[in-house]
Q: 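Quick one: this structure, given as structure tokens, is what I'll be asking you about.
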2 protein chains.
Amino acid sequence: MPKSELRTIVPIVRSSLGERPTLDPQGGSTSLRMDTALHPIDLDDRSRMSDIILESAKLFAVKGYDGTSIRDIARAVGVAQASLYHFFADKREIHSTVVTISVERLLWLIRERLGACTTSSERVEAFAQAHAQHISENAPLYFASALGYNELADPVVKARVQRMRDSYEEILRGIIRDGIESGEFRELDVKLGARAIISCLNWMARWWRADGPDSAETIATEYVRLIIRGFRPE
Amino acid sequence: MPKSELRTIVPIVRSSLGERPTLDPQGGSTSLRMDTALHPIDLDDRSRMSDIILESAKLFAVKGYDGTSIRDIARAVGVAQASLYHFFADKREIHSTVVTISVERLLWLIRERLGACTTSSERVEAFAQAHAQHISENAPLYFASALGYNELADPVVKARVQRMRDSYEEILRGIIRDGIESGEFRELDVKLGARAIISCLNWMARWWRADGPDSAETIATEYVRLIIRGFRPE
DNA sequence: TCGCTTGCCGAACGAGCGTTCGGTAGAATA
DNA sequence: TATTCTACCGAACGCTCGTTCGGCAAGCGA
């Protein structure tokens, strides 16, 4: 089961390169499955494929896409270069998979966290904390995705990741809109408010490190509490 | 004079690679001149050197450091590859110069803009507007610097740019501290407040484009007005 | 007029890149 | 038992990269 889930996403990423996914009879339903993010991909099994993805993510996070060579990845995983091509079509597919899994996880985590919240303020805070949890739990994956997602060469993969980022942003906008409607927030520019919070969260990829004094969750919460003060009426 | 100013900064950047700057007798005084940013570098003369810097900035901004080749730059400028090495020691020096000039300009612009302001709120707004003005006036330079400044290979250049970014951040922190002292702002976490504003400004490099509906200055002002609401007392 | 510097170029260098090919050992399937 | 498939590898291919070298023409101070 864990391994089969991992084996589901790669053909989907690959399908955007012109190939059809081999595990599912229909392309349409698989991409729907992607966007709705019903489950996170398991990378904790000790399969080769997980290893490749995780080691690649570490390298991409530190050295960037261009700065990381196939030889680097092979050395980190402990296999020959040629072996990587047994699991992935090319280097771009490895990178696309890393980025896609990261965004998929983030979206899944946010949706799961939002279920337990009632007020709009709580929901904004939960949104930020889910983002922070993703940063701290999947640091290499997240940094690789955040720093390198505009290096995505394939336009189809890029479009799908963009679509997922759009729905990520739309979730926050919806929360703020609800808050305005219920009177919990004043009449404010929804786009601007959402973007301010997301900017703070995203910029953390540039300076936050796990060995620093504050946890990602703490910082995210404080950001939200500061900005949400500007959301309050009067 | 314009050209000579441009010819000042390059030896300074170069000096960090182990060479001594040739235009100034003392290394210490030149690096002091850099950090205090007494004047912006003129890139509007039609010299070869300005051309190389500006065309490189455009390419770095779009394709990144690794994605841009010496051949790309030479083609954009309209010279042979070998000619670039007449003005710069290597590719890294071109990139370092682009990034350094951008940060230098930003700092200079902020210091100039802050002179005309009185209240702390005005000063925070002026800070953000100076940043926005830099983005819109020097878009390629800024994007190249913002997206690629952690690709700086040379540790000495990286340290100097970091130092300039630190003093950039310290300016904003000082403004906020003054505002708290005078009672204009409540007792808030200065580091966090400054970081929130800077995050919004920096993240603009990822999504703002000159052909969009809003000017960079407008967006920056609205960000600040939103966040500053959370700075106000009670 | 001589010699030096500046600006510039064509051609080539070695290194590293992503990728491919032919093949093997072993497990799974028939 | 015969066949197929999975996981994996060593060695090489063609290509692009940053950089270097030797040389040329124009300008300029001596």
Side-chain angles (χ1 to χ4, degrees), chain A residues 3-4 6-8 10-11 13-14 17-19 22-23 45-53 55-56 59-60 62-98 148 151-154 157, chain B residues 3-4 6-8 10-11 13-14 17-19 22-23 45-53 55-56 59-60 62-98 148 151-154 157:
Chain A
K3 190 165 176 181
S4 72
L6 183 57
R7 292 183 141 285
T8 304
V10 178
V13 173
R14 190 182 335 237
L17 302 163
E19 285 179 51
T22 50
L23 294 181
D45 60 343
R46 296 299 303 162
S47 71
R48 240 328 77 106
M49 205 160 210
S50 295
D51 254 15
I52 296 173
I53 292 171
E55 293 299 329
S56 301
L59 289 164
F60 289 147
V62 174
K63 303 165 52 157
Y65 177 73
D66 289 313
T68 303
S69 72
I70 286 289
R71 284 161 179 84
D72 290 336
I73 298 172
R75 199 179 313 119
V77 176
V79 294
Q81 306 171 51
S83 304
L84 299 176
Y85 290 84
H86 178 68
F87 299 95
F88 295 92
D90 49 28
K91 186 188 172 188
R92 277 168 45 210
E93 194 180 79
I94 301 178
H95 187 243
S96 298
T97 305
V98 167
E151 299 191 78
L152 285 174
D154 186 67
V157 176
Chain B
K3 189 164 175 180
S4 72
L6 182 57
R7 292 183 140 288
T8 304
V10 177
V13 172
R14 189 180 337 236
L17 301 164
E19 286 181 49
T22 49
L23 294 181
D45 60 344
R46 297 300 303 163
S47 72
R48 256 292 108 92
M49 205 160 210
S50 294
D51 255 16
I52 296 173
I53 292 172
E55 294 300 327
S56 301
L59 290 164
F60 289 147
V62 174
K63 304 165 51 152
Y65 177 74
D66 289 312
T68 303
S69 71
I70 286 289
R71 284 161 179 85
D72 291 335
I73 297 172
R75 199 180 313 119
V77 176
V79 294
Q81 306 171 52
S83 304
L84 299 176
Y85 290 84
H86 179 68
F87 298 95
F88 295 92
D90 50 29
K91 185 188 172 188
R92 278 168 45 208
E93 192 180 81
I94 301 178
H95 187 242
S96 297
T97 305
V98 167
E151 299 190 77
L152 285 174
D154 186 68
V157 176

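Within every chain, numbering begins at 1; the chains are lettered A, B, ... in the order of the sequence lines, protein sequences first and strands thereafter. No hydrogens, no waters, no symmetry mates; every other heavy atom, side chains included, goes into these values.
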Q: If you look at every heavy atom in B/E93 and B/F88, which pair is closest and at what distance?
A: OE1-CA, 3.2 Å
Q: Round to a whole Å and report the spacing from CZ of A/F88 to P of D/dC8.
A: 12 Å
Q: Using side chain to side chain donor-acceptor pair (under 3.5 Å) as the criterion, list what pairs up with B/S83, not counting sequence neighbours.
A: none
Q: Counting side-chain heavy atoms from C-beta on, which of D/dC17, C/dT19, D/dA7 comes nearest to A/F87?
A: D/dA7
Q: With the side chain of A/I70 defined as its heavy atoms from C-beta on, choose the nearest nucleotide among D/dC9, D/dT19, C/dG18.
A: C/dG18
Q: Distance check, rounded to the nearest 0.5 Å: B/D72 atom CG versus B/K63 atom NZ?
A: 3.5 Å
Q: Testing the basics here: between B/K91 and B/I70, what is the closest heavy-atom pair and its distance to 0.1 Å?
A: CB-CD1, 3.8 Å
Q: Between A/L84 (CG) and D/dC8 (C1'), how many Å, whole number?
A: 11 Å
Q: Could you tell me the separation between the OH atom of B/Y85 and the C1' atom of C/dA12, rounded to a whole number of Å?
A: 14 Å
Q: Does C/dG7 have OP1 or OP2 under 4.0 Å away from a side-chain N or O of B/S83?
A: no
Q: C/dC17 P sits how many Å from A/R92 CZ, rounded?
A: 19 Å
Q: Between B/R48 and C/dG7, does any side-chain N or O lie under 4.0 Å from OP1 or OP2?
A: no
Q: Measure CG/B/D90 against P/D/dC17 and give the value in whole Å, please.
A: 17 Å
Q: To the nearest Å, how far apart are B/M49 CE and C/dC8 C1'?
A: 15 Å
Q: For DNA chain C, which residues of residues 71-82 of chain A approach it to below 4.0 angstrom with any heavy atom?
A: A/R71, A/Q81, A/A82
Q: Does the plane of the ring in B/F60 sit parallel, tilted or perpendicular to the ring in B/H95? Use 30° and 60° as the thresholds.
A: perpendicular
Q: C/dC17 C1' sits how many Å from A/K91 NZ, rounded?
A: 8 Å
Q: Among residues at least two apart in sequence or on other chains, which ones pass side chain to side chain contact (heavy atoms under 4.5 Å, CB included) with A/A76?
A: A/E55, A/L59
Q: Reckon A/H86 has a side-chain N or O less than 4.0 Å from the OP1 or OP2 of D/dC8?
A: no
Q: Which pair of heavy atoms, one from A/T68 and one from A/I73, lies closest together, and at what distance?
A: CG2-CG1, 3.8 Å
Q: Rounding to an integer number of Å, can you tell me how far A/D51 CG sits from D/dA7 C1'?
A: 14 Å
